[in-house]
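Atom set for the values below is all heavy atoms of this structure, side chains included, hydrogens, waters and symmetry mates excluded. To find a chain, count down the sequence lines: A is the first, B the second, and so on, and within it residues start at 1.
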There are 2 protein chains.
Amino acid sequence: MTTTALKARKEFGKTLASDIAHRLRNEIVTCQLKPNESLKFDALRLSFGASFTTLREALTLLVAEGLVVAEEQRGYKVAPVTLEDLHDLTHARILIEVDLIRRSIERGDDDWEIRVISCLHRLAKIEERAPEDYAGNAEWKSAHRQFHEALVLASGSPTLLAVRNSLFDRAERYRNLSALYRPRPRDKAGEHRALMQAAIGRNADQACALIASHIQTTSDNVAKYASGVINAG
Amino acid sequence: MTTTALKARKEFGKTLASDIAHRLRNEIVTCQLKPNESLKFDALRLSFGASFTTLREALTLLVAEGLVVAEEQRGYKVAPVTLEDLHDLTHARILIEVDLIRRSIERGDDDWEIRVISCLHRLAKIEERAPEDYAGNAEWKSAHRQFHEALVLASGSPTLLAVRNSLFDRAERYRNLSALYRPRPRDKAGEHRALMQAAIGRNADQACALIASHIQTTSDNVAKYASGVINAG
DNA sequence: ATGAGCAATATTTTCGAAAATAGGCAAAAA
DNA sequence: TTTTTGCCTATTTTCGAAAATATTGCTCAT
């Protein structure tokens, strides 16, 4: 095989380190880099074409996001997946997302409503176009992420939003993991539409209940379908 | 003046980078490094005696904790302090700390109770010894931090605990800032004792109410005494 | 005066070599 | 056989030089 990717290239971020963090994050979330896999510098240098220190900076970023764990003097590895971690993550996500969506509904203006509606529309379009398997579809994943982000974007809490985004990534890794072992994706279209309606109808209590249930159900399904590959808590 | 600190030394962490992050964090939280102050590599290299890349790794860590902000290609600076940020931070802290303390009370065992009690005892001892000005006292700060940490330690939520710790640091910076401008520290001893009693009495509702009010009142006082040095939100 | 263009300087970002550290293997001692 | 000790190798961690990028200050045309 040809030893590809000798030279680093910038795609996303402005600096090479943030760019590599972006690419690494993607590979971890999509499970191309498997849980527990050890991240050796020599190997990373080969596949990303960057030097020790640049890689080290990128890894440091991902440690803070909980996608990579560092054992000092003993290198880095992809964060493990466990049932315990999934439960912990789910609890944290519900707590934060419920708070954010409630405040978003209180504070959201017309632009916010428009954004929520158009994000849902885009999501629906993609699902129509590929009704069978949108779960593995990168475009659907992006639209899905953006819809959920739109819902909470008017909350006015940068701190919690940042935490939320990092938890979303961690959760997406579990979703991808379970998708590998599930016969067909759960149909979330109805849930998304109901969420949108509760949000723009300014029905905060209902929106909070819906999002909590949405996150919990997804998590339960992950636990059900992926329990074989997840280390017991 | 003698140009001190040419050679780096390890005090806390196992690696130099984590050690420097530790020291930098401390300098930022205690406002020896002032909000908005730009963190130039040459200057840092001089005072910490480490190389570019090691410093860069330490700064990356602090960016994730919200104590440093990075503008790509334009360096790092100490995170600004604003009223808006203080409100955001306070909201996030109350949301998370209330959840953690409730679950800690549900799950805490005998060791947890003992730990809470002994942490409070240590705190009280220090306050007795220096009744006038324990606010600037590093030992008191450490005991204070440990008491509050003990309360939530049985929650069993590593994710939220990690976020909590990072928010605690950010809040401590604001507390230190206001202490500079306040005639005498507010007496929190009674509040701490009440918290302990509610916790080991397994009165979750009361403990949650107390911690929320404790955080909110502290924040209000910071806003009151430090508003002069805090940029308007 | 004013602003655009350009050179000079300051600063950040990236690199690969060198130092430090951990883990394993083999030989010697118990 | 089992344990200990001391190399040797694999790997991480740190360094300072070099490249890339931003900023400042100057010149010149308008």
Side-chain angles (χ1 to χ4, degrees), chain A residues 3-25 27-28 33-34 36-64 67-80, chain B residues 3-25 27-28 33-34 36-64 67-80:
Chain A
T3 333
T4 57
L6 291 171
K7 180 99 155 287
R9 69 194 187 286
K10 290 186 192 175
E11 284 179 57
F12 305 104
K14 210 173 181 188
T15 68
L16 185 56
S18 68
D19 196 72
I20 286 176
H22 207 281
R23 291 199 272 154
L24 256 173
R25 182 185 302 114
E27 294 205 1
I28 292 172
L33 287 169
K34 297 199 171 40
N36 279 311
E37 185 169 340
S38 112
L39 299 165
K40 299 236 174 69
F41 282 97
D42 282 338
L44 293 175
R45 206 147 60 98
L46 206 66
S47 53
F48 288 97
S51 75
F52 293 113
T53 35
T54 305
L55 288 165
R56 175 167 268 271
E57 190 186 330
L59 287 170
T60 301
L61 230 23
L62 296 176
V63 168
L67 288 173
V68 167
V69 296
E71 282 179 285
E72 297 199 328
Q73 314 281 26
R74 299 194 41 203
Y76 297 85
K77 66 172 186 178
V78 178
Chain B
T3 333
T4 56
L6 291 170
K7 179 98 157 286
R9 67 194 189 290
K10 290 186 191 176
E11 285 180 56
F12 305 104
K14 209 171 183 189
T15 67
L16 184 56
S18 68
D19 195 73
I20 286 177
H22 206 281
R23 292 200 271 153
L24 255 173
R25 183 185 301 115
E27 295 205 0
I28 292 172
L33 287 169
K34 298 198 172 40
N36 279 312
E37 184 170 341
S38 108
L39 298 165
K40 299 235 174 68
F41 282 98
D42 282 338
L44 293 174
R45 206 147 58 98
L46 207 66
S47 52
F48 289 96
S51 75
F52 293 112
T53 35
T54 305
L55 288 165
R56 174 168 270 271
E57 190 186 329
L59 287 170
T60 302
L61 230 21
L62 296 176
V63 168
L67 289 172
V68 167
V69 295
E71 285 178 283
E72 297 201 328
Q73 313 284 26
R74 300 194 39 201
Y76 297 84
K77 65 173 186 177
V78 179

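- Counting any heavy atom pair closer than 4.0 Å across all strands shown, A/T53 reaches a base atom.
- A search for side-chain contact (heavy atoms from CB on, under 4.5 Å) contacts involving A/T54 returns A/L16, A/A17, A/I20, A/A50, A/S51, not counting sequence neighbours.
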Atom pairs, protein N/O to nucleotides 6-12 of chain D N/O, distance under 3.5 Å:
from   : atom 1 : to    : atom 2 : distance (Å)
D/dT12 : OP2    : A/F41 : N      : 3.1

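- A/L46 has its CG atom 13 Å from the P atom of C/dG16, to the nearest Å.
- Over its full length, the helix from C/dA1-D/dT30 to C/dA30-D/dT1 turns its helical axis through 10°, comparing axes from the five pairs at each end and rounding to 10°.
- Taking the side-chain contact (heavy atoms from CB on, under 4.5 Å) definition, one finds that A/L61 meets it with A/A21, B/T60, sequence neighbours left out.
- Here A/V63 pairs with A/V68, A/A70, A/Y76 under the side-chain contact (heavy atoms from CB on, under 4.5 Å) rule; sequence neighbours left out.
- Protein atom CG of A/L16 is 14 Å distant from nucleotide atom C1' of D/dT21, rounded to whole Å.
- The CG atom of A/L55 sits 7.5 Å away from the CG atom of A/L24 when rounded to the nearest 0.5 Å.
- Taking atom CG of residue B/L44 and atom C1' of nucleotide C/dA10, one finds them 15 Å apart after rounding to whole Å.
- Phosphate contact (OP1/OP2 of D/dT14, side-chain N/O of B/K14, threshold under 4.0 Å): absent.
- Per the geometry, CD belonging to B/E57 stands 11 Å off P belonging to D/dC15, to the nearest Å.
- A straight line from CZ of A/R45 to P of C/dC15 spans 10 Å, rounded to a whole angstrom.
- Nearest nucleotide to the side chain of B/A50, out of D/dT14, C/dG16, D/dC15: D/dC15.
- Residues forming a side-chain contact (heavy atoms from CB on, under 4.5 Å) with B/F52 (at least two apart in sequence, or on another chain): B/F41, B/D42, B/R45.
- A/E72 approaches B/K14 most closely through the heavy-atom pair OE1-CB, 2.7 Å.
- Between atom CG of residue B/L39 and atom CD1 of residue B/I28 there is a gap of 6.0 Å, rounded to the nearest 0.5 Å.
- We find that CD1 of A/I20 is positioned 14 Å from P of C/dT13, with the value rounded to whole Å.
- The minimum heavy-atom distance linking B/R25 with B/L67 is given by the pair CG-CD1, 3.6 Å.
- Atom CD of A/E27 and atom NZ of A/K34 lie 11.0 Å apart (nearest 0.5 Å).
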